[in-house]
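A quick write-up on the structure given underneath.
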2 protein chains.
Amino acid sequence: MPITLSTARSVPVSALSFAQSFTGRSHAVGRPVTLTDHLNDLQGYGARLHYLRNEVIFNQDDPAEHVYRILGGTVRLCRYMPDGRRHIIDFLMPGDLMGFVESPDLPASAEAVSDVTLIAFPRVCFDRLARDSADVRRQLLCHLSTSLLTAQQHMFVLGCQKSKERMASFLLRLADRMDLGGGDRLDLAMSRQDIADHLGLTIETISRSITALRSEGAILVPNTHQIVLRDMVALRVLAAEE
Amino acid sequence: MPITLSTARSVPVSALSFAQSFTGRSHAVGRPVTLTDHLNDLQGYGARLHYLRNEVIFNQDDPAEHVYRILGGTVRLCRYMPDGRRHIIDFLMPGDLMGFVESPDLPASAEAVSDVTLIAFPRVCFDRLARDSADVRRQLLCHLSTSLLTAQQHMFVLGCQKSKERMASFLLRLADRMDLGGGDRLDLAMSRQDIADHLGLTIETISRSITALRSEGAILVPNTHQIVLRDMVALRVLAAEE
DNA sequence: CGAAGTCTTGAATTCTATCAATAGGGGTGG
DNA sequence: CCACCCCTATTGATAGAATTCAAGACTTCG
């Protein structure tokens with residue numbers, strides 16, 4: 001059973017505007033210190049890396065030697081099954097972290113959806129940080145807990161929802177993570193195929209779901225890779241969020 | 001969004017025969033010390049509780065004040081959505097732990113599938129234990145990581161597999177957790193409806209899947225609540241494990 | 001501008017859900 | 001101990017949803 005796993009996001013995007021400067025010195029004041037802040041303390045050990053669209057960042061069975069913080073672009077975290085089926089566990093975006101799961105091997109592959117910039121920290125450095133700081137450990141537990149919560153939410157989507165409902169859930173979550181509300185333009189970095197493999201549907205069904213949401217007036221689709229969430233209430237009802 | 005979460009198993013059932021004696025003294029030697037062992041050190045603070053079939057152990061939005069170790073019986077961990085749909089995140093069995101997620105509120109309800117015996121430890125006691133012991137913290141990270149791995153595996157089942165494949169995956173996992181192999185009788189404590197809500201199918205489809213697997217010779221069904229895994233190879237192929 | 005890749009739409013098929021009826025099983029009371 | 005009843009599970013028929021197969025439209029990029 002060649003199964004492993006590795007990641008998940010945890011830091012609210014909204015909190016990142018501060019840390020984004022990435023000075024490597026002491027943390028911003030007036031807000032909770034995040035795992036991201038602590039990672040910044042490791043700046044000297046981090047390698048800034050770039051990946052082109054569709055490049056592989058790490059492979060499913062590679063040894064887990066780094067932890068990552070994404071600075072720019074979108075990453076897809078996926079698992080390939082023996083028979084070739086692919087499941088996209090999650091999409092990771094700027095500010096998200098990955099590679100924190102305790103597992104000798106990585107349980108998933110990470111690939112660049114768009115061009116990606118990230119910082120890779122050696123695991124041994126991070127482990128030292130965790131050993132010496134109670135706060136880092138606490139943040140790490142929160143990070144994993146949040147990942148688990150996200151996973152359980154997605155299990156509900158996959159297990160209980162119909163195609164249109166899944167699409168609504170996906171769009172709402174994406175908007176939430178990008179700190180967008182109704183009316184804003186949502187940029188979809190990923191292809192329809194990526195969305196399909198994330199939601200457990202086919203590319204055709206994704207396309208039809210989008211068409212259906214549009215004809216109901218819930219969304220606008222100015223172009224293929226942008227969507228406007230026009231009727232948040234309708235979307236939330238579909239996503240069973242209220 | 002009244003969503004929370006709380007639990008997951010982590011300790012291999014096989015490791016529990018040792019700890020099962022529950023003496024509360026020092027740990028058995030010659031094998032890794034588990035989170036379960038550490039919990040045993042809290043014996044004096046633990047309350048042994050009993051629940052009848054279908055009784056609620058804790059509710060979705062209760063404050064998270066305890067961590068639990070299951071001694072006997074089967075627990076279902078479920079989430080109820082606003083519209084009434086139910087998703088069973090996982091079934092927990094003797095030796096399994098729950099309640100370790102860092103979240104003020106519990107993200108799921110726990111209910112007794114069969115009569116259940118468990119020990120509840122106050123969270124504050126456990127937190128103290130975690131504060132004072134580096135090994136507890138390490139085990140806790142492993143526990144959460146394992147939970148996340150399990151969740152990701154189940155996402156694949158829900159996202160990619162057909163009904164018969166889901167049933168095969170479910171039976172194999174159950175057998176694995178109970179330390180059973182091919183030929184042994186597998187006791188199903190849960191109802192068809194429970195299985196359906198776990199696998200994202202209906203009770204009728206569960207029934208038909210079982211019938212199909214039986215008529216293919218993959219399993220035997222001596223009675224409604226027992227199943228013999230007759231052809232492990234066929235089941236593993238269906239479950240995409242090889 | 002052309003070509004390759006991606007997305008949308010349509011039609012037919014397959015799978016699962018739904019509706020409905022029957023069968024089985026466990027527990028209770030006669 | 002058996003009969004009955006209720007609850008659960010199975011099976012059948014039909015409807016609905018998503019997939020598959022196929023064609024055409026739109027983008028993107030060389």
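Numbered from 1 within each chain, the chains take letters A, B, ... in sequence-line order.
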To the nearest Å, give me how far apart [atom1] ([X]) and [atom2] ([N]) are.
X	N	atom1	atom2	value
B:Leu238	C:dC15	CG	C1'	16 Å
B:Arg166	C:dC15	CZ	P	13 Å
B:Ile210	D:dT8	CD1	C1'	12 Å
B:Met167	D:dT10	CE	C1'	14 Å
A:Arg192	D:dT27	CZ	P	11 Å
B:Gln193	D:dT10	CD	P	12 Å
A:Gln226	D:dT28	CD	P	10 Å
B:Ile219	D:dT10	CD1	C1'	14 Å

Legend entry - Spacing of A:Leu199 atom CG and A:Ser209 atom OG [to the nearest 0.5 Å]: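 Reported value, rounded in 0.5 Å steps: 8.5 Å.
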Legend entry - Contact summary for B:Leu118 and B:Ile70, nearest pair of heavy atoms: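 Distance-wise, the nearest heavy atoms are CB-CA, 4.0 Å.
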Inset, instruction - Find out whether B:Val67 and B:Leu97 are in side-chain contact, i.e. whether some heavy atom of one side chain is under 4.5 Å from a heavy atom of the other. - result: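 Counting from C-beta outward, B:Val67 and B:Leu97 never come under 4.5 Å.
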Legend entry - Heavy-atom donor-acceptor pair, A:Asp115 side chain to A:Arg53 backbone, under 3.5 Å: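 The answer is yes, because a donor-acceptor pair under 3.5 Å joins these two groups.
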For nucleotides 17-20 of chain D, give me every protein contact, N/O to N/O, under 3.5 Å, one pair per line with atom names.
from: D:dA18; atom 1: OP1; to: A:Ser163; atom 2: N; distance (Å): 2.8
from: D:dA18; atom 1: OP1; to: A:Ser163; atom 2: OG; distance (Å): 3.3
from: D:dA18; atom 1: OP2; to: A:Ser163; atom 2: OG; distance (Å): 3.1
from: D:dT19; atom 1: OP1; to: A:Thr202; atom 2: N; distance (Å): 3.4
from: D:dT19; atom 1: OP2; to: A:Thr202; atom 2: N; distance (Å): 3.3
from: D:dT19; atom 1: OP2; to: A:Thr202; atom 2: OG1; distance (Å): 3.1
from: D:dT19; atom 1: OP2; to: A:Thr205; atom 2: OG1; distance (Å): 2.3
from: D:dT20; atom 1: O4; to: A:Arg208; atom 2: NH2; distance (Å): 2.9

Inset, instruction - Map A:Arg53 and B:His225 onto DNA chain C by nearest heavy atom, then report which one ends up closer to the 5' terminus. - result: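 Mapping each residue to its closest nucleotide by heavy atoms, the 5'-most match is A:Arg53.
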Inset, instruction - Name all residues meeting the ring pair (Phe, Tyr, Trp, His ring centres under 6.0 Å) criterion together with A:Phe170; count only those two or more places apart in sequence or in a different chain, and write none if there are none. - result: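 Only A:His198 meet the ring pair (Phe, Tyr, Trp, His ring centres under 6.0 Å) criterion with A:Phe170.
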Legend entry - Residues, nucleotides or ligands: over 12 heavy atoms within 6.0 Å of A:Arg230 CZ: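 Not buried by this count: 12 neighbours or fewer within 6.0 Å.
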